[in-house]
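Worksheet: one structure, shown below.
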Number of protein chains: 2
Amino acid sequence: MTTPNNNERRIFFNDDKCPIRNVVLQIGDKWSALILFALVDGADRFSSLKKRVVGISQRMLTQTLRDLEREGYVSRTVYPEVPIRVEYALTELGRKLVKPLYQLVSWADDHHDEIKQNRKAYDENVD
Amino acid sequence: MTTPNNNERRIFFNDDKCPIRNVVLQIGDKWSALILFALVDGADRFSSLKKRVVGISQRMLTQTLRDLEREGYVSRTVYPEVPIRVEYALTELGRKLVKPLYQLVSWADDHHDEIKQNRKAYDENVD
DNA sequence: CGGAATCCGCCGCGATACTG
DNA sequence: CAGTATCGCGGCGGATTCCG
C-alpha cells in the first residue's frame with residue numbers, strides 16, 4: 001500500500017501493477033469466490049462442484065476453474081479411471097487466500113441486513 | 001456461513017441471500033475498491049477523486065459513487081458554494097468494510113509476484 | 001464423465017456531448 | 001464544478017450441441 005501524504009494522495013495503478021486489479025477483480029467475478037469456498041472442506045470433482053455451486057453452468061465452471069488454476073489457487077488432478085474422474089483442490093496459495101477472503105465474506109454476512117436496508121431506503125428516497 | 005457436513009456440502013445461495021453475491025460482487029467491480037481506498041484518508045470532492053483514481057471516466061465515477069452510496073458505504077454532502085462543491089466520505093459502515101478489505105488487498109500485495117509467476121508458467125505450458 | 005466449440009443476448013464500461 | 005444523456009463496443013456469461 002502507498003503511504004499517502006497531504007499533497008499527493010494518488011493511489012494504486014490502473015494496470016497490472018495494482019494488487020486490487022490483480023486479485024480483487026479476479027475473484028470478484030460471478031463465480032470465483034463461490035468455487036473457492038466450495039473447495040475449503042477438501043478436494044471435489046467436476047460434477048459434484050456443478051451440483052454444489054448452485055446455478056453455475058458447465059461452461060462457467062470450466063472457465064472459472066481454469067482461471068483459478070492459472071492464478072495458482074486451485075490444482076487439477078486427472079484420475080484416468082473409467083469413467084474418468086477429475087478432482088479440483090485448493091493449493092497452498094489458495095488456502096492462504098481463503099483466510100482474508102473469509103474475513104471479508106464473514107463481515108458481509110454480519111452486515112448483510114444493514115446493507116439491504118440501506119438499499120431499500122436509498123431506492124425509496126430516489127423514487 | 002453454513003456449517004457443512006459430509007453428506008451435504010452445498011454452499012451459499014445464488015441469489016440476494018448470499019453475502020458473497022451481495023458484497024464481494026458489489027465491490028469486485030472495476031472501480032469500487034479503488035474509490036473506497038481513495039476515501040480512507042478522509043473526505044474528498046468529485047474532481048479530486050477523478051484525478052486520484054487514475055483512469056476512471058466521469059461516468060463511472062458518478063455511477064460507482066452512487067452504488068457505494070446506495071450500499072451505505074459512502075456519504076455525499078453538497079456545499080452550495082460558487083462553484084458548487086460536493087464531498088464524498090466513508091460512512092461508519094464503509095470504514096468498517098475497509099478493514100477486512102484491506103486485509104485482502106494486503107494479502108494480494110504480498111503474493112502479487114507469486115501470482116504473476118503462476119500465470120506466466122501456466123500460459124507457457126498451455127501455448 | 002468432463003469437458004470444448006459455437007452462438008448470442010446483455011450490460012459494464014468508455015468516449016463524447018451537453019447542462020445547471 | 002459536478003454532474004446527466006446518448007451511443008457504441010467488447011466481453012461476461014447462459015444455452016445448446018458435440019466429443020474422447
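Computed from a predicted structure; not experimentally measured. In what follows, chains are A, B, ... by sequence order, proteins preceding strands, each numbered from 1.
- Under the side-chain contact (heavy atoms from CB on, under 4.5 Å) criterion, Ala121(B) pairs with no residue at all, not counting sequence neighbours.
- Dashed line: the shortest gap from a side-chain N or O of Lys30(B) to OP1 or OP2 of dG14(C) is under 4.0 Å.
- Between Leu25(A) atom CG and dG12(C) atom C1' the separation is 12 Å, expressed in whole Å.
- Every side-chain contact (heavy atoms from CB on, under 4.5 Å) that Val78(B) has, sequence neighbours left out, goes to Arg76(B), Ile84(B), Val86(B).
- From the 5' end on, the contacts that DNA chain D makes with chain B at under 4.0 Å to a non-hydrogen atom open and close at dC1(D) to dT6(D).
- In this structure Asp29(A) satisfies the side chain to side chain donor-acceptor pair (under 3.5 Å) test together with Ser32(A), sequence neighbours excluded.
- Checked against salt bridge (charged side-chain N to carboxylate O under 4.0 Å, His left out), Arg45(A) has no partners two or more places apart in sequence or in another chain.
- For Arg85(A), the side chain to side chain donor-acceptor pair (under 3.5 Å) test picks out Glu81(A), Glu87(A), with sequence neighbours left out.
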What are the atom names and distances for every N/O pair under 3.5 Å that joins the protein to nucleotides 2-4 of chain C?
| from | atom 1 | to | atom 2 | distance (Å) |
| --- | --- | --- | --- | --- |
| dG2(C) | OP1 | Arg45(A) | NE | 3.1 |
| dG2(C) | OP1 | Arg45(A) | NH2 | 3.3 |
| dG2(C) | OP1 | Val86(A) | N | 3.4 |
| dG2(C) | OP2 | Ser47(A) | N | 3.0 |
| dG2(C) | OP2 | Ser47(A) | OG | 2.7 |
| dG3(C) | OP1 | Arg66(A) | NH2 | 3.0 |
| dG3(C) | OP1 | Arg76(A) | NE | 3.3 |
| dG3(C) | OP1 | Arg76(A) | NH2 | 2.5 |
| dG3(C) | OP1 | Tyr88(A) | OH | 3.4 |
| dG3(C) | OP2 | Tyr88(A) | OH | 2.5 |
| dG3(C) | N7 | Gln58(A) | OE1 | 3.4 |
| dG3(C) | N7 | Gln58(A) | NE2 | 3.4 |

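- Looking at residues two or more places apart in sequence or on another chain, you find a side-chain contact (heavy atoms from CB on, under 4.5 Å) between Lys116(B) and Asp16(A), His112(B).
- The side-chain contact (heavy atoms from CB on, under 4.5 Å) test applied to Glu114(B) returns Leu93(A), His111(B), Asn118(B), not counting sequence neighbours.
- In this structure, Met60(B) atom CE and dA15(C) atom C1' are separated by 13 Å, rounded to whole Å.
- One can place CD of Glu81(B) at 17 Å from C1' of dG20(C), the figure rounded to the nearest angstrom.
- Arg21(A) places a side-chain N or O within donor-acceptor distance of the main-chain N or O of Lys30(B), the cut-off being under 3.5 Å.
- Within the structure, side-chain hydrogen bond (donor to acceptor under 3.5 Å, both in side chains) pairs that include any residue of residues 56-66 of chain A comprise Arg66(A)-Tyr88(A) (at least two apart or interchain).
- Contact between Val53(A) and Ala38(A) at its shortest, heavy atoms only, is CG2-CB, 4.1 Å.
- The rotation axes computed at either terminus of the helix from dC1(C)-dG20(D) to dG20(C)-dC1(D) lie 40° apart, taking five pairs at each end and rounding to 10 degrees.
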